[in-house]
Amino acid sequence: MMLFLDTAELEEIAARADTGLVDGVTTNPSLIAKSGANIKERIADICGVIPGPISAEVVATETDGMIAEGQTLAAIAENVVVKLPLTVDGLKACRALTDQGIATNVTLCFSINQALLAAKAGATFVSPFIGRLDDLGEDGIGLIEDIRYLYDEHGFATRILAASIRSAEHVEGSAMAGADACTLPPRIFDALAQHELTDKGLEAFLNDWKSAGQDAI
Ligand code: G3P
């Protein structure tokens with residue numbers, strides 16, 4: 001499963017790039033707005049830091065405008081993925097951009113039927129928002145499982161990009177449900193490696209080493 005950082009803050013991305021564990025980045029209009037940066041400049045900067053898929057979202061709501069904005073975003077760098085909302089206009093734009101060889105990420109997916117349409121529109125990625133479903137008491141991870149079954153049963157190539165991640169448990173659940181990628185806030189990325197038994201075990205190892213008077217290796 002690929003791990004993407006869900007942020008438009010360049011410093012947050014650069015600080016984690018050297019882990020070798022960041023496979024891509026996703027942004028959206030809210031994240032770009034929060035950064036205060038110009039979208040084209042910031043996406044170019046991010047593409048210079050992370051060579052993997054970098055999602056940049058259109059803000060037009062009509063098909064023709066989405067296609068034009070998608071072409072502009074795709075021209076920034078070869079690893080740009082054009083993010084489109086899961087509306088009829090967004091699906092039409094997805095088909096058009098996909099036919100032009102532009103990678104697409106259909107976002108704001110909340111149902112199996114929506115995921116079916118995204119795949120039929122040729123989306124490279126579909127982004128089910130599991131946290132927002134959980135916020136409503138629904139089963140976000142369950143949707144990932146259902147989309148996985150749907151795509152495997154019908155031979156759809158669209159990759160499932162689990163989004164709206166609220167916890168390390170969401171990452172774990174997405175991986176076990178068969179998501180192809182998961183995009184997570186930097187703070188949750190940092191939490192993935194943490195476990196109290198690891199910390200305690202390492203402390204014990206080092207204490208035993210020092211107690212035995214062992215030399216440095
Ligand atoms: O990539 C989508 C993500 O940014 C949405 O997350 O927490 O606003 O549901 P959230």
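As the structure lists them, so they are numbered: ligands from 1, and atoms in each ligand from 1.
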Contacts satisfying ring pair (Phe, Tyr, Trp, His ring centres under 6.0 Å) that involve residues 168-200 (not counting sequence neighbours) are none
Please say yes or no: joined through hydrophobic side-chain contacts below 4.5 Å, possibly via intermediate residues, are [X] and [Y] part of one cluster?
| X | Y | answer |
| --- | --- | --- |
| Ile54 | Leu184 | yes |
| Val81 | Ile160 | no |
| Val126 | Ile165 | yes |

How far is [atom] from its nearest protein heavy atom, and which residue and atom is that?
| atom | result |
| --- | --- |
| atom 7 (O) of ligand 1 | Arg166 NH1, 2.7 Å |
| atom 6 (O) of ligand 1 | Ser164 CA, 3.5 Å |
| atom 3 (C) of ligand 1 | Asp6 OD2, 3.1 Å |
| atom 2 (C) of ligand 1 | Phe129 CZ, 3.3 Å |
| atom 8 (O) of ligand 1 | Arg132 NH2, 2.8 Å |

Practice item. Give the atoms of ligand 1, by number and element, whose distance to some non-hydrogen atom of Lys83 is under 4.0 Å. Key: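 Every atom of ligand 1 under 4.0 Å from some heavy atom of Lys83: 1 (O).
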A student checking ligand 1 against Asn28 at a 4.0 Å heavy-atom cut-off should list atoms 2 (C), 3 (C), 4 (O)
_How long is the straight-line distance from OG of Ser55 back to CG of Leu161, given to the nearest 0.5 Å?_
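If we round to the nearest 0.5 Å, Leu161:CG and Ser55:OG are 6.5 Å apart.
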For residues 29-40, run the donor-acceptor check on the side chains, cut-off 3.5 Å, and write out each pair with its distance to 0.1 Å, sequence neighbours left out.
residue, atom, partner, partner atom, Å
Ser35, OG, Ile32, O, 2.6
Ser35, OG, Ala37, N, 3.1
Asn38, OD1, Lys40, N, 2.9
Asn38, OD1, Glu41, N, 2.9

Taking distance alone, with N or O pairs closer than 3.5 Å, would you say Thr183 contacts ligand 1?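 No.
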